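Order of the sequence lines sets the chain letters (A, B, ...), proteins ahead of strands, with each chain counted from 1. Nothing here was measured: the structure is a model prediction, and the numbers come from that model.
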Amino acid sequence: MAGIAVELPDGSKLELEEGASGADAAAAIGPGLAKAALAIRVGGEVRDLVAPVADGERIEILTDRDPEALELIRHDAAHVMAEAVLELYPEAKISIGPPIDDGFYYDIEFPGGEQLSEDELPKIEEAMRRHIKADEPFERRDIPVAEALEKFRAEGQDYKVELISDLVRDEGVETVSLYRNGDFEDLCRGPHAPSTGRIKAVRLNSVAGAYWRGDESRQMLTRIYGTAFFSKKDLAAHLERLEAARANDHRKLGRELGIFMLREEAPGMPFWLPNGTVLLRLIEAEVREQLSRRGYVEIATPQMMDVSLWHKSGHWDNYRDDMYFIDVDERQFALRPMNCPGACLVFDSSRHSYRELPLRMAEFGRVSRNEREGVLHGLLRVRAFTQDDAHVYCTEDQIEAEVTDICEAIDELYARFGFDGAEVELSTRPEKSLGTDEQWEAAEKALRESLDKQGREYKLNPGDGSFYGPKIDFHVTDALGRSWQLGTCQLDFQMPERFDLSYTGADDAQHRPVMIHRALLGSMERFAGILIEHHAGRFPVWLAPVQAVVLPVSDRHAEYAGTVAGELRAAGARVGVDDRSESVGRKIRDAELERYPFMLVVGDREQEGGQVAVRSHDEGELGAMTPAELAERHLLAESSRS
RNA sequence: GCCGACGUAGCUCAGCUGGUAGAGCACUUCACUCGUAAUGAAGGGGUCCCCGGUUCGACUCCGGGCGUCGGCUCCA
């Protein structure tokens, strides 16, 4: 009888009988592996353990040590949750339940369209544990579409019927696969672990509303979020990590460190406190350093302009819902939601030669957008913010070099602030947009080619572009792993046309410039928020709003403390004095909680020697030195390059 | 905008099955004058988010708003 052979990750060959499964392969290698095996990976594809392997395939046995296996059991857990929910609420209609980054969810319609209360989660969780303990096997079967439709129709599972119908329509499938665990059988591509018992720890976290198929106009379902692990210890560690991440929330740190505040009187419009304002100015200085090095000029244009301008720019047609309008006497004005029209008016205020291009005009532009309630989020999603904006007017030939230069500036700037790298996304034409197919095609091509030439990895976001052009976005994540867009580079053939912008070419004729909208950090507010979380409120010395605090040992050293602070400030350092009548220990503690990088203790010894006793948060006590030495060695060492 | 939860002193939070509130920290004052993560004592501070309703009486119950938080959708 003919055997088959598969190749293992170490390159060795494993002889198996014809028709052998992944489980057989694992068993052939050893009983320990047979017990630990969860699934197999062939190439990039994960398969059920019971799926057959073919002659010559390179296979890998997945166990709980494999990161992909975690995704597997989370998907398993989603099925177990659906099983438990249907047991407790037989009338519920289930939709989809995928694994996600750190867990899984299942979207479910409860009877009467009611939302599930969070209080019910423990009950569901308990039922899940029972099914996990019962170690129910996952069993797959493939059945004809008609049979599947009949089954789910009979069960009243309308969402499954819709999913299957769409599979037939979009992919022309003839059969679908179902997975059974216990009494529950779900439409599912798989793969799954051999049985529910492989889930060693499970936790349901929260419920939330979620639109069916992510479509606002459709039914809102109840999304139950949960997570699963291979051990209770891993689950506990995960929950601890979340807890720690919450401590780095910029909203909490922002208040504690005197960076910003929010008030009910101005929802979504942050107030910058003294320390935050210093931080903002330092961030701006880094942006300006890029501007001057890369040949930008800076302008400042009005916050509010007549509505006629917004009709002209296309914002009224495409962005009206997000704008604030103000009636003044007989005229209607709008607060700007974007800075581009102002820049266009500046460009249009004089004649331009092709010799001036690319003309790069930057503006730290404050914009106001009437964001829908419910989307606001600390500094990360606000209604009034400042973009480190710029508009580059250039020829089509210059696009690629400009886009490349912008991407480089973003790389340099993010590296300067301690970010390893951002995720790059390319977004193309949305449904609501201005311009012709040809223009969009040319613009999208230009961006794509620039990215390709730079050798950048990027994700494609079809339909996610701005209404006037496609864009490249730079994304980074916050403390809890949520991704936020920062920098952006958007191509625009529309605005120059609408504003009838032109430059004189070498041929003495008038030509239309191309406009690039670009922001390196995106919004100063959002960037600052992300920066706070990235550094957990403990900024590098050059960026710390207060770099050092002078701590007099007793009241009689207060005057000397003031002298020292004065000297350091004169040298350009940001220094505070804590001259409360408190113990040194107390002042050290408070300084640490404020996350000051340096604490300068001054008592009799230091006062006599004209020195300060330096304590660094990072390095502990550094001994005594003069203020000048401290400034040179520590406080100013990494300051802005400008 | 949608779903859910929440809103008590500057902050973190107790509390009341309906009888107008309390702690710690912070703040003020006094004493202490202190050497690397909390010195002690005393004191001030609240339209219990807002507006209605029920009730003899509402911080508490009900309705509506506003805001915040977690999601969805949307977006820098």
Using a heavy-atom cut-off of 4.0 Å across all strands, would you classify [X] as base, sugar-phosphate, or nothing?
X: A/Val367; answer: nothing
X: A/Asp590; answer: nothing
X: A/Glu371; answer: base
X: A/Arg526; answer: base
X: A/Glu582; answer: base
X: A/Lys471; answer: sugar-phosphate
X: A/Arg518; answer: nothing
X: A/Gly603; answer: base
X: A/Ala208; answer: base
X: A/Ala591; answer: nothing
X: A/Ser581; answer: base
X: A/Gly374; answer: base
X: A/Leu116; answer: nothing

In whole angstrom, give me the gap between the [atom1] atoms of [N] and [M].
N: B/rC13; M: B/rG40; atom1: C1'; result: 26 Å
N: B/rC51; M: B/rU60; atom1: P; result: 12 Å
N: B/rC62; M: B/rG18; atom1: P; result: 10 Å

Would you tell me if any nitrogen or oxygen in the side chain of [X] comes within less than 4.0 Å of OP1 or OP2 on [N]?
X: A/Arg255; N: B/rU12; value: yes
X: A/Ser206; N: B/rG71; value: no
X: A/Arg580; N: B/rC34; value: no
X: A/His377; N: B/rG70; value: yes

Exercise for the section: For RNA chain B, determine which residues of residues 544-564 of chain A have any heavy atom closer than 4.0 angstrom to one of its atoms, and list them numerically. Expected result: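 The answer is A/Val553, A/Ser554, A/Asp555, A/Arg556.
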Using a distance-only criterion (donor-acceptor N/O pair, under 3.5 Å, no hydrogens), is the base of [N] paired with the side chain of [X]?
X: A/Arg372; N: B/rU73; value: yes
X: A/Glu606; N: B/rG35; value: yes
X: A/Arg369; N: B/rC74; value: no

Shortest side-chain distance from [X], nucleotide among [options]:
X: A/Met220; options: B/rC74, B/rC72, B/rU39; result: B/rC72
X: A/Tyr225; options: B/rC74, B/rG35, B/rG71; result: B/rG71
X: A/Arg589; options: B/rG1, B/rG35, B/rA38; result: B/rA38
X: A/Ile588; options: B/rC72, B/rU36, B/rA38; result: B/rU36
X: A/Tyr211; options: B/rU36, B/rG4, B/rC2; result: B/rC2

Using atom names, set out every protein N or O paired with an N or O of nucleotides 42-47 of chain B below 3.5 Å, distance rounded to 0.1 Å.
none

Handout entry: Min side-chain heavy-atom separation A/Met599-A/Glu592 under 4.5 Å
Key =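 A/Met599 reaches A/Glu592 side chain to side chain.
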Practice task
Give the rounded distance in Å between these two atoms: CH2 of A/Trp212 and C1' of B/rU73.
Solution key: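 Taking atom C1' of B/rU73 as the reference, CH2 of A/Trp212 is at 16 Å.
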Practice task
Calculate the interatomic distance between A/Asp101 atom CG and B/rG71 atom C1'; express it in whole Å.
Solution key: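 Taking CG of A/Asp101 and C1' of B/rG71, I get 15 Å after rounding.
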Problem - Ionic contact status for A/Arg372 with A/Glu216, cut-off 4.0 Å - result: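 Here A/Glu216 pairs with A/Arg372 in a salt bridge, since their nearest N and O are under 4.0 Å apart.
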Using nucleotides 64-68 of chain B, report all nitrogen or oxygen pairs with the protein that are shorter than 3.5 Å.
from	atom 1	to	atom 2	distance (Å)
B/rG67	OP2	A/Glu373	OE1	2.4

